[in-house]
> 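The structure follows.
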Amino acid sequence: MKKLLALLLVGLVVLTAGCIGANSSPGSGATSSELPTVRAATLLGGISTLDIMQAKGFDEKNGFHVKVLRLGKTPDIIASLKNGETDFAVIPAEMAAKLAQSGVDIKIIAVDMLQNQAIIGKERMRPEELKGRKIGAVVASGTFKLFQAYMKVLYNVTPEDYTVVNVPPGSIEDSLRDVDAVVIWEPIASELMAKNYTVIATFSELWDEARAKGIVNGPAVMLVWVVRGDFLREHRDLVDAFIKAQEESARYWKTNPGETKAILKNLYHLDQKALEILYTRTFVNEGKLDEGLILGIKSEWKLAYLGGYLEKDPSNLDIFYRG
């Protein structure tokens with residue numbers, strides 16, 4: 001009788017363990033090799049909440065493993081979306097519109113960061129005084145395209161009015177020996193500020209000027225997260241999990257400044273002065289994609305259209321995933 005009871009207890013334990021294993025979620029102790037893998041593309045040398053997601057494991061906490069693709073330039077990210085080589089990507093908001101208008105099936109699922117780009121030079125001047133000057137920039141970047149839109153819409157300064165020197169991100173500071181100003185994003189902007197170069201204007205200031213003139217409304221969105229449409233249709237649960245991981249990464253960024261700076265220092269080899277400037281002047285979005293953020297995105301699209309970057313009117317474009 002005792003032997004029979006012991007066998008029954010063993011069987012019950014095995015059955016219970018089997019049920020727990022069958023019903024446990026991927027994020028409840030599963031190893032990364034057991035989790036579904038998603039691919040996320042970002043710009044090499046460009047900050048985003050993906051840095052925190054990967055470093056702090058918010059992907060695996062939400063039931064997936066993120067494979068990060070750090071690509072050399074924005075056109076490479078666009079190509080990876082077109083060719084199905086990545087599932088998600090963090091890109092400038094105006095480039096999301098450009099992609100959609102060219103027929104690429106994508107949806108915007110979240111806002112990552114507000115505009116932190118800057119025009120930086122060797123001497124103080126107004127942005128409109130860049131007319132006739134030499135400007136260094138990563139020409140294929142969304143930052144430069146938006147700069148051109150701002151210059152045209154706010155000051156009627158067109159590309160014919162200044163000379164452009166195409167400069168890779170790693171040579172931006174060196175280029176200031178030969179150009180009057182550079183147009184750049186973070187973390188390079190903060191590195192230049194830490195070395196006491198002159199801030200001619202930040203993009204957030206240009207946005208405020210455009211808002212005062214009634215051109216734009218809402219928050220000055222810079223980076224958005226997009227997903228391929230076919231991936232969303234086939235893996236909506238993973239898309240929702242990714243959105244949650246991004247929100248948690250943004251909250252961590254805001255509530256853990258010391259650890260966030262340590263992560264950024266390790267990734268981008270920044271000194272303490274540059275880190276402090278970067279952390280102070282960047283704003284990450286921790287909320288869901290709501291109508292206020294969508295208003296900001298559409299306003300940026302309008303700016304890009306008026307500035308000549310978007311060839312077609314984006315006012316009726318709706319590529320937003322509202323969950």
Side-chain angles (χ1 to χ4, degrees), residues 19-43 46-71 77 80-93 96 99-100 104-114 221-256 259-260 263-264 267 283-294 297 318-323:
C19 290
I20 292 173
N23 292 305
S24 59
S25 65
S28 58
T31 64
S32 60
S33 62
E34 297 170 326
L35 298 175
T37 295
V38 304
R39 300 163 298 177
T42 185
L43 188 65
I47 63 171
S48 74
T49 54
L50 185 60
D51 298 333
I52 305 299
M53 186 189 299
Q54 187 180 36
K56 301 306 297 183
F58 286 114
D59 54 341
E60 296 183 5
K61 291 177 183 176
N62 283 282
F64 64 93
H65 173 70
V66 64
K67 179 180 178 181
V68 178
L69 309 176
R70 297 186 182 273
L71 303 178
I77 300 177
S80 71
L81 283 166
K82 286 182 176 179
N83 300 332
E85 295 166 354
T86 190
D87 309 307
F88 300 89
V90 58
I91 61 174
L99 271 175
V104 180
D105 182 15
I106 58 168
K107 292 288 184 182
I108 294 175
I109 60 172
V111 168
D112 192 272
M113 194 170 288
L114 299 191
V221 173
M222 176 188 177
L223 296 177
V224 297
W225 277 104
V226 299
V227 64
R228 292 195 340 266
D230 61 324
F231 187 88
L232 173 60
R233 289 187 290 273
E234 295 171 12
H235 305 287
R236 180 168 175 166
D237 56 334
L238 285 175
V239 174
D240 291 339
F242 191 95
I243 294 170
K244 186 178 178 183
Q246 189 276 329
E247 292 170 356
E248 291 178 356
S249 301
R251 283 195 293 273
Y252 189 92
W253 181 302
K254 289 185 174 182
T255 56
N256 296 271
E259 182 65 16
T260 296
I263 291 168
L264 297 175
L267 279 173
F283 183 87
V284 296
N285 173 61
E286 61 183 303
K288 292 190 180 300
L289 185 64
D290 59 21
E291 294 306 315
L293 291 169
I294 290 173
I297 293 170
D318 189 350
I319 54 170
F320 304 102
Y321 173 62
R322 294 172 171 87

> Please check: side-chain N/O of Asp112 versus main-chain N/O of Ser48, any donor-acceptor pairing under 3.5 Å?
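The answer is no, because no donor-acceptor pair under 3.5 Å joins these two groups.
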
> Heavy atoms, side chains only, cut-off 4.5 Å: are Thr86 and Leu71 in contact?
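SC-SC contact between Thr86 and Leu71 ruled out.
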
> How about Lys56 and Ile263: do any of their side-chain heavy atoms sit closer than 4.5 Å?
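Yes. Closest side-chain heavy atoms under 4.5 Å.
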
> Strictly distance-based, threshold 3.5 Å: is any side-chain N or O of Asp290 a donor or acceptor partner for the main-chain N or O of Gly292?
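Pair found, side chain donor or acceptor close to backbone of Gly292.
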
> Heavy atoms only: give me the nearest Ala40-Val66 pair and the separation to one decimal.
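Scanning both residues completely, I find the closest heavy atoms to be CB-CG2, 3.7 Å.
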
> Closest heavy-atom contact between Ala93 and Ile297?
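Closest pair (atom of Ala93, atom of Ile297, distance): CB-CG2, 4.3 Å.
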
> When rounded to the nearest 0.5 angstrom, what distance separates CD in Glu248 from CE in Met53?
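One finds 9.0 Å between CD of Glu248 and CE of Met53.
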
> Could you measure the distance from the CD atom of Gln54 to the CD atom of Glu60? Nearest 0.5 Å is fine.
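Answer rounded to 0.5 Å: 10.0 Å.
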
> Of all heavy-atom pairs between Phe88 and Leu238, which one has the smallest distance, and what is that distance?
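That would be CZ-O, 4.4 Å.
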
> Parallel, tilted or perpendicular: which describes the rings of Phe242 and Trp225, with under 30° parallel and over 60° perpendicular?
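Because their plane-to-plane angle is over 60°, the rings of Phe242 and Trp225 count as perpendicular.
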
> Would you call Arg39-Glu85 a salt bridge at under 4.0 Å N-O?
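Salt bridge between Arg39 and Glu85, a charged N being under 4.0 Å from a carboxylate O: no.
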
> Can you measure from CG (Leu81) to CD1 (Ile91) and round to the nearest 0.5 angstrom?
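CD1 of Ile91 is found 6.0 Å from CG of Leu81.
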
> Search all heavy atoms of Val226 against all heavy atoms of Ile106 and return the closest pair with its distance.
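Result for this residue pair: CG1-CD1, 4.2 Å.
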
> Between the side chains of Arg70 and Asp51, is the shortest nitrogen-to-carboxylate-oxygen separation below 4.0 Å, so that they form an ion pair?
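Salt bridge between Asp51 and Arg70, a charged N being under 4.0 Å from a carboxylate O: yes.
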
> Would you mind telling me which of Lys254, Arg251, Gln246 makes a side chain to side chain donor-acceptor pair (under 3.5 Å) with Glu286?
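The side chain to side chain donor-acceptor pair (under 3.5 Å) with Glu286 is passed solely by Lys254 among Lys254, Arg251, Gln246.
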
> Atom CD1 in Ile52, atom CZ in Phe58: separation rounded to 0.5 Å?
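Between atom CD1 of Ile52 and atom CZ of Phe58 there are 8.0 Å.
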
> Do the side chains of Trp253 and Leu264 get nearer than 4.5 Å, heavy atoms only?
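Leu264 reaches Trp253 side chain to side chain.
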
> To the nearest 0.5 angstrom, please state how far the CG atom of Asp105 sits from the CZ atom of Arg233.
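Asp105 atom CG to Arg233 atom CZ measures 4.5 Å (nearest 0.5 Å).
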
> Which pair of heavy atoms, one from Ala96 and one from Ile108, lies closest together, and at what distance?
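Nearest heavy atoms, Ala96 then Ile108: CB-CD1, 4.0 Å.
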
> Between NZ of Lys82 and CD1 of Ile77, what distance do you get to the nearest 0.5 Å?
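Lys82 NZ to Ile77 CD1: 13.5 Å, rounded to 0.5 Å.
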
> Taking side chain to side chain donor-acceptor pair (under 3.5 Å) as the definition, give me every residue that meets it alongside Arg322, ordered by chain and number, with sequence neighbours left out.
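Arg322 satisfies side chain to side chain donor-acceptor pair (under 3.5 Å) with Glu291, Asp318 once adjacent residues are dropped.
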
> If I compare all heavy atoms of Leu223 with all of Ile47, which pair ends up nearest, and what's the gap?
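Nearest pair, atom of Leu223 first, then Ile47: CD1-O, 3.8 Å.
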
> What's the verdict on side-chain contact (heavy atoms from CB on, under 4.5 Å) for Leu289 and Ile109, showing C-alpha distance, side-chain angles and the deciding distance?
CA-CA 7 Å; Leu289 185 64; Ile109 60 172; 6.0 Å; no

> So, using ring pair (Phe, Tyr, Trp, His ring centres under 6.0 Å) as the criterion, who are the partners of Phe320 when residues are at least two apart?
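Applying ring pair (Phe, Tyr, Trp, His ring centres under 6.0 Å) to Phe320 gives Trp301.
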
> Hey, which of Lys107, Lys67, Arg228 is the one that makes salt bridge (Lys or Arg N to Asp or Glu O under 4.0 Å) with Asp87?
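Output: one option passes, namely Arg228.
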
> Between Leu114 and Asn285, is any pair of side-chain heavy atoms under 4.5 Å apart?
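No, too far: nothing below the 4.5 Å cut-off.
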
